[in-house]
Amino acid sequence: MSEQSVRLHLKILHEPIIPINEMVNAMKGVYASAGFRVDIVSTEQLDLPLLMDVDVGQCVANSATEEQEELFAHRNHVGDNELTIYFVRSTIPAYNGCAAHPIGRPGAIVARVASVWTLGHEIGHVLGLPHTVNQDSLMYGGGTSNITNPPPDLSSSEIDTMENSPYTI
């Protein structure tokens, strides 16, 4: 298994309860066990008070609300195969995060109430992973705070999907 990387740009509108570095380190641990390096390329504070609480609609892939379109327009210095993570106060409706993004602007939103596993989970969606019913999995669909037996797992089929993502380098 050759090591691939996922390149992230962190855009902070509101600090989450769990420190961002803890979320990044948790993600790095899970992804490293699957042969992926997580690179933080940049970190930027954004002063966008009207987008701290983002309407994400039903948070469905290939469907973005007007507020998501506006938020994801803030991609300073982000390359084509790189992902932008927006840390916000909340999503409307209330989710820990949302990986739905405008076409051509890949990334995810992470809310203030997110668990330590939410960042890795949402990036998993951007890389093509669906929810699973396995509570030991990073991609468990019942809420990342309900993952059992941490650190969570990635299956061999999930790793194959991640390797074939246009966002792994």
Side-chain angles (χ1 to χ4, degrees), residues 1-13 15-16 18-46 48 54 56 59-64 68-88 91 95-111 114-132 134 136-141 144 147 150-169:
M1 167 178 11
S2 65
E3 186 174 72
Q4 291 184 281
S5 68
V6 179
R7 295 173 54 84
L8 305 179
H9 294 264
L10 310 180
K11 309 290 184 182
I12 305 163
L13 285 78
E15 292 285 340
I18 294 177
I20 292 171
N21 67 323
E22 285 185 35
M23 289 186 197
V24 168
N25 288 336
M27 179 182 173
K28 283 182 175 184
V30 173
Y31 278 54
S33 71
F36 293 87
R37 192 177 69 244
V38 176
D39 296 324
I40 304 304
V41 180
S42 71
T43 302
E44 180 182 10
Q45 297 285 331
L46 295 179
L48 301 168
V54 181
V56 296
C59 188
V60 177
N62 300 317
S63 172
Q68 285 170 301
E69 292 279 354
E70 187 177 342
L71 181 63
F72 280 76
H74 298 273
R75 289 178 55 87
N76 302 333
H77 315 293
V78 179
D80 290 341
N81 295 57
E82 298 174 338
L83 306 177
T84 308
I85 312 309
Y86 299 92
F87 290 90
V88 300
T91 63
Y95 299 120
N96 283 352
C98 177
H101 54 82
I103 294 171
R105 291 182 268 163
I109 295 171
V110 175
S115 82
V116 71
W117 307 116
T118 301
L119 175 62
H121 175 96
E122 296 304 334
I123 295 305
H125 284 311
V126 178
L127 299 178
L129 302 181
H131 282 142
T132 178
N134 178 355
D136 290 346
S137 171
L138 178 65
M139 299 312 296
Y140 175 59
T144 56
I147 290 172
D153 306 319
L154 287 165
S155 71
S156 59
S157 64
E158 288 171 329
I159 294 167
D160 289 344
T161 298
M162 292 167 66
E163 287 175 344
N164 291 314
S165 169
Y167 307 119
T168 55
I169 301 166

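- With a 4.5 Å cut-off on side-chain heavy atoms, T118 and I18 do not count as touching.
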For side-chain contact (heavy atoms from CB on, under 4.5 Å), just list the numbers for Y167 and V6, CA-CA rounded to whole Å, side-chain angles, deciding distance to a tenth of an Å, and then say yes or no.
CA-CA 7 Å; Y167 307 119; V6 179; 5.9 Å; no
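- Minimum interatomic distance between A108 and A99 (heavy atoms only, all atoms of both residues): CB-CA, 4.0 Å.
- Remark: F72 engages Y86 in a ring pair (Phe, Tyr, Trp, His ring centres under 6.0 Å) (not counting sequence neighbours).
- Atom SG of C59 sits about 10.0 Å away from atom NE2 of H101, to the nearest 0.5 Å.
- The line from CG of L13 to CD of E44 is 9.5 Å long, rounded to the nearest 0.5 Å.
- The backbone N or O of M162 lies less than 3.5 Å from a partner atom in the side chain of T168, making a donor-acceptor pair.
- Side-chain N or O atoms of K11 include none that pairs as donor or acceptor with a backbone N or O of L71 at under 3.5 Å.
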What donor-acceptor contacts under 3.5 angstrom involve side-chain atoms of residues 25-32, with partners at least two apart or in another chain?
unit_1 : atom_1 : unit_2 : atom_2 : d
N25    : ND2    : N21    : O      : 3.2
Y31    : OH     : G120   : O      : 2.8
Y31    : OH     : G124   : N      : 3.1

Start with the C-alpha distance between L154 and L129, add both sets of side-chain angles, then the distance that settles side-chain contact (heavy atoms from CB on, under 4.5 Å), and finish with yes or no.
CA-CA 10 Å; L154 287 165; L129 302 181; 4.0 Å; yes
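- A centroid separation of 6.0 Å or more is found between the aromatic rings of H74 and H9.
- One finds the CD1 atom of I109 at 5.5 Å from the SG atom of C98 (value rounded to the nearest 0.5 Å).
- Closest approach of L138 to I147, counting heavy atoms only: O-CD1, 4.0 Å.
- For the pair P152 and Y140, the minimum side-chain heavy-atom distance is 4.5 Å or more.
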Apply side-chain contact (heavy atoms from CB on, under 4.5 Å) to Q68 and V56, showing your working.
CA-CA 7 Å; Q68 285 170 301; V56 296; 3.7 Å; yes
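- Residue-environment remark: CG (D80) stays at or below the threshold of 12 foreign heavy atoms within 6.0 Å.
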Could you give me the CA-CA distance, side-chain angles and deciding distance for E163 and I159, then say whether side-chain contact (heavy atoms from CB on, under 4.5 Å) is met?
CA-CA 6 Å; E163 287 175 344; I159 294 167; 3.9 Å; yes
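- At least one side-chain heavy atom of E15 sits less than 4.5 Å from a side-chain heavy atom of I20.
- Atom CZ of F36 and atom CD1 of I123 lie 13.0 Å apart (nearest 0.5 Å).
- Closest of all the heavy-atom pairs between S137 and E158 is OG-OE2, 3.7 Å.
- Between A100 and A61 the shortest heavy-atom distance is CB-N, 4.4 Å.
- A side chain to side chain contact (heavy atoms under 4.5 Å, CB included) with R7 holds for exactly one of I40, V78, V41, N81; it is V41.
- Here the shortest heavy-atom pairing between G107 and V126 reads O-CG2, 3.3 Å.
- Taking 4.5 Å as the limit, every side-chain heavy atom of E122 sits out of range of all side-chain heavy atoms of Y95.
- Closest approach of R75 and E82 over heavy atoms only: NH2-O, 3.5 Å.
- Side-chain contact between M139 and H121 is present, with at least one heavy-atom pair separated by less than 4.5 Å.
- At least one donor-acceptor pair closer than 3.5 Å links the side chain of T161 to the backbone N or O of S157.
- Here the straight-line distance linking atom CG of L119 with atom CG of N96 works out to 12.0 Å at 0.5 Å rounding.
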